[in-house]
Amino acid sequence: MSMRIGMGRNSASDAQAMRFMAQLGIQDVVLNTPPVPVKNGKWELVDIIALKNRVEEFDLKLTAIENTQIDMRNDLITGGPKFDEQLENMVETIKNIGRAGIPMYTMSWRYPRYYRTGHVDIGNGAMGTAYDSEVEHWPDVLDFEMTLESAWECLETWVRTITSVAEEYGVRIGLHPVDPPMPVVAGVPQLLHNFEGYKRLIEIVDSPANGILLCQGSFSQMAGADKDSGPSIYEMIEYFVKRKKVLYVHFRNVSGTVPKFHETFINTGYVDMYKAMRIYAENGFDGFFMDDHVPHTVGDTDYGHRAKAYANGYIQALIETTTNTSLHGAH
Amino acid sequence: MRIGFNFLASGFTTPAGQSETNLDDFLTFAAQYGASDVVLQSYNTFGAVPGTERWEFEDLLKLRMQVESHGLHLEALENVPTAFYDHIMLGGPKRDEQIENMIHTVRSIARAGIPIFGYNWMPSNVWRTSFHTLNRGGSKVSSYDHHEHMNAPFTHGREFTEEEMWCNLEHWIKIITPIAEEEGIRLGVHPPDPPVKSVGGIPRLLTGFEEYKRLIEIVDSPSNAIEFCQGTFSEMEDAADGGIYDMVRYFGERGKILYVHFRNVSNPGEPFQEEFINTGHVNMYKMIKVYQEVGFPGVLVNDHVPNTIGDSQWGHQGRAYANGYIQALMDVVAEETAAEAEAEAKSSPDVSAAAGSSSDIYGPDATVSRGIPLGESSHEPKRSIFAPPGPAMIKTPNPAMLPEGETDAQTN
């Protein structure tokens with residue numbers, strides 16, 4: 001059992017960004033929507049292997065692919081006209097991810113990709129992204145009818161189809177919540193916006209390959225996550241970690257829950273991150289933590305090197321203190 | 001305990017001769033990254049504080065006001081130019097004149113409202129063998145190997161003896177300590193880095209546990225104390241076999257630690273190299289618990305960090321990393337202390353639940369610090385005290401669509 005430190009990036013092409021991870025001692029790399037060419041609606045094995053080799057050039061390990069391009073899977077989520085075709089192509093893509101030896105594929109089960117309504121100054125000019133349902137005015141995006149029932153039918157078909165394939169190819173699948181975790185976004189009914197939705201998800205098929213990308217930020221934003229009766233963020237973490245459903249964690253913090261919240265520094269949100277970390281450890285979590293959308297600070301790069309380094313240092317210290325071991329074999 | 005950053009008051013000059021940044025930029029950085037305090041290092045300053053022999057009250061006051069305009073507290077001033085007091089350290093002909101000027105400078109610092117002055121006893125400064133030793137992933141660190149410097153030419157014309165160097169130090173401490181007491185300022189001496197016996201003909205003097213005991217016994221006063229560069233103490237041979245924890249406990253219990261340079265190195269003794277905060281020989285979690293146990297009320301600052309790719313010369317991203325690590329350690333010990341106090345209060349209801357073993361050696365204000373009080377965690381959003389009241393939503397004209405890479409930092 002071990003808890004590890006990870007970091008995410010959108011592609012492996014920037015050598016400087018990859019070296020930055022190696023220098024910080026990152027043990028698990030996540031590539032989020034990397035620019036793998038989409039050929040006939042899917043990713044080819046040769047392209048995925050090239051991506052993995054690129055990461056390994058820097059003595060890093062590619063543990064997870066997070067998301068493929070959205071137009072490979074939008075109808076899969078909504079039940080649009082290309083549902084069958086996208087399902088077939090995603091099955092092939094996941095087989096190829098498994099063949100390439102990448103042990104995890106995670107994705108956001110949400111469409112459309114509306115996200116935030118603005119920014120908030122969270123102190124001394126540092127900016128965090130913000131959501132407020134009262135100022136949100138996102139237009140409806142679908143030109144066909146979609147109901148909650150039809151949405152669940154899509155997700156269930158996906159999970160029933162992909163889980164056995166994933167098991168066979170040695171890949172674990174984890175789904176990321178909708179962010180903001182609202183029941184309807186731009187006219188589209190959303191499923192993974194609360195505890196109930198996730199409980200239902202993992203019960204569709206009982207398999208280690210049917211799991212969760214626990215974006216702790218998004219879970220913290222869920223209605224009630226800040227209350228004991230919630231269920232609270234801490235109870236949700238415990239519930240899913242106990243059941244071995246959590247592949248890895250987006251370890252970030254927020255000011256509160258929907259309908260109005262903003263992102264914060266890792267240690268200035270409402271969630272007690274040390275308490276959260278102890279819950280992962282006490283329930284036998286065997287995965288990694290990564291920093292996630294950090295605030296933009298004055299003078300930082302667009303990528304957020306300084307802010308990511310800060311969050312990463314914070315996370316490394318929490319892992320080391322909670323487990324009372326060095327991540328890097330020191331002392 | 002509080003968090004600080006230490007800066008060169010004059011910023012940095014790039015190889016092209018341009019100023020990399022300025023003090024206001026540094027201070028904005030410190031405030032954003034959760035510091036309550038700063039320590040300004042004016043080591044051989046390039047004019048941030050004018051004066052070739054001594055510093056004036058007005059200039060230092062201006063410096064403090066500049067720091068406070070960012071919502072930060074100027075906890076300490078670190079170093080004056082070596083030329084202000086080299087004759088004091090070496091017993092040179094201008095010793096008495098420099099003592100007069102240093103008294104003036106110390107009074108100026110105190111009257112400007114800066115509570116601590118940290119200095120060192122190194123006429124020939126810090127020595128390193130390389131600043132480009134490769135570390136993890138190609139990061140670069142500084143290193144020292146005494147074999148490379150054993151035959152270094154005399155830096156000050158001849159070989160000085162330990163005895164005369166002690167004599168000079170004692171002379172200074174005996175003169176300055178009562179003045180510092182009178183002015184209400186605390187003075188602390190930084191250890192010689194590297195802490196080898198002698199280099200370039202100059203004995204380094206404060207190279208171990210016994211030497212520091214001797215220093216604080218010259219005059220028993222809160223104003224005769226230590227600028228505790230934990231990095232340099234970790235380089236001492238006395239740091240081996242848990243010695244580093246013993247030294248912190250010993251000097252911490254006596255209230256002698258004014259503030260801490262919280263960094264790590266590869267090993268006690270030399271040769272050594274600097275390390276990331278969590279890859280050196282010192283277990284920083286264990287270490288911070290010692291500071292907490294002895295009731296240390298002061299500031300921890302991150303210090304030199306490995307040079308990582310794409311970083312600024314000063315090391316913004318490396319220091320952000322170190323400070324994130326330190327902040328988490330503080331949050332962890334604060335929560336543990338609060339939990340222990342709660343458990344203790346339950347088992348013995350007569351004891352009014354005090355957080356930790358805060359000692360009175362630091363005076364009545366010890367647990368009423370400006371930053372995060374002992375027993376409170378930073379997840380009570382502390383930055384908001386510097387923010388305008390009530391964060392204002394900025395309405396964006398268009399819906400914020402998620403770009404490719406939906407959960408990575410690019411979404412900002």
Side-chain angles (χ1 to χ4, degrees), chain A residues 8-10 16 19-20 22-25 32-33 66-67 108 113-126 129-130 132 135 138 176 215 250 262 264 267-268 272-274 292-294 296-299 303-306 308-314 316-318 320-321 328 330-331, chain B residues 25 28-29 31-34 70-71 136-139 276-283 285 306 308-310 316-318 320-325 327-329 331-332 335 377-379 381-384 386-388 391-396 399-402 404-412:
Chain A
R9 186 78 180 111
N10 291 3
Q16 179 169 324
R19 289 206 184 99
F20 177 64
Q23 292 179 356
L24 289 185
N32 190 324
T33 328
E66 190 169 317
N67 293 314
S108 299
R113 297 157 71 247
Y114 285 113
Y115 181 60
R116 295 286 186 265
T117 53
H119 293 86
V120 163
D121 185 336
I122 57 172
N124 305 287
T129 69
D132 181 352
V135 303
W138 298 331
H176 182 293
C215 174
H250 285 174
H262 63 262
T264 63
N267 60 323
T268 60
D272 178 341
M273 299 303 257
Y274 178 44
D292 194 30
H293 359 148
V294 289
H296 183 73
T297 55
V298 176
Y303 175 60
H305 284 83
R306 295 175 184 176
K308 282 178 83 71
Y310 178 79
N312 199 268
Y314 195 92
Q316 292 204 25
L318 284 191
E320 293 188 329
T321 53
H328 311 290
H331 47 258
Chain B
D25 290 344
T28 299
F29 178 79
Q32 289 187 135
Y33 282 92
H70 291 262
R136 184 174 62 197
S139 56
F276 287 92
I277 192 164
N278 59 335
T279 60
H281 78 91
V282 177
N283 180 333
Y285 177 39
T308 51
I309 191 161
H316 287 78
Q317 78 192 17
Y321 174 82
N323 200 48
Y325 196 91
Q327 180 71 65
L329 290 186
D331 289 352
V332 167
E335 286 199 40
S377 154
S378 75
H379 76 267
K382 66 183 183 307
R383 280 184 187 80
S384 59
F386 301 130
M393 289 290 284
I394 300 167
K395 288 183 191 175
T396 48
M401 286 291 285
L402 204 53
E404 285 301 321
E406 45 203 308
T407 59
D408 207 14
Q410 308 293 339
T411 47
N412 281 312

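Below, chains carry the letters A, B, ... as their sequence lines are ordered, and counting in each starts from 1. For clarity, every value in this text was computed on a predicted model and none was experimentally measured.
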A.B. asks: Could you tell me the separation between the NE2 atom of H119(A) and the OG1 atom of T129(A), rounded to the nearest 0.5 Å?
C.D. replies: 6.0 Å
A.B. asks: If you measure from CZ on F20(A) to CD on Q317(B), what distance do you get to the nearest 0.5 Å?
C.D. replies: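 Spacing of CZ (F20(A)) from CD (Q317(B)) equals 4.5 Å.
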A.B. asks: Between L329(B), T279(B), N283(B), which residue shows the highest count of heavy-atom pairs closer than 4.5 Å to chain A?
C.D. replies: N283(B)
A.B. asks: Before you tell me yes or no, could you show the steps for H293(A) and H250(A) under ring-ring contact (aromatic ring centres under 6.0 Å, His included), namely the whole-Å CA-CA distance, both residues' side-chain angles and the distance that decides it to 0.1 Å?
C.D. replies: CA-CA 9 Å; H293(A) 359 148; H250(A) 285 174; 7.5 Å; no
A.B. asks: Below 4.5 Å, heavy-atom pairs only: which of G318(B), G138(B), P306(B) has the largest tally toward chain A?
C.D. replies: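 Result: the option with the highest number of such pairs is G138(B).
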A.B. asks: What residues form a side chain to side chain donor-acceptor pair (under 3.5 Å) with R136(B), not counting sequence neighbours?
C.D. replies: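 Side chain to side chain donor-acceptor pair (under 3.5 Å) check on R136(B) returns H328(A).
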A.B. asks: Among the options T297(A), L318(A), N312(A), pick out the one with the most heavy-atom pairs lying under 4.5 Å from chain B.
C.D. replies: T297(A)
A.B. asks: Which one wins on heavy-atom pair count under 4.5 Å against chain A: G310(B), G137(B), G324(B)?
C.D. replies: G324(B)
A.B. asks: If you tally heavy-atom pairs under 4.5 Å against chain B, which of A309(A), A330(A), A126(A) wins?
C.D. replies: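 Most heavy-atom pairs under 4.5 Å with chain B: A309(A).
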A.B. asks: Is the shortest heavy-atom distance from the side chain of Q316(A) to the side chain of Y321(B) under 4.5 Å?
C.D. replies: yes
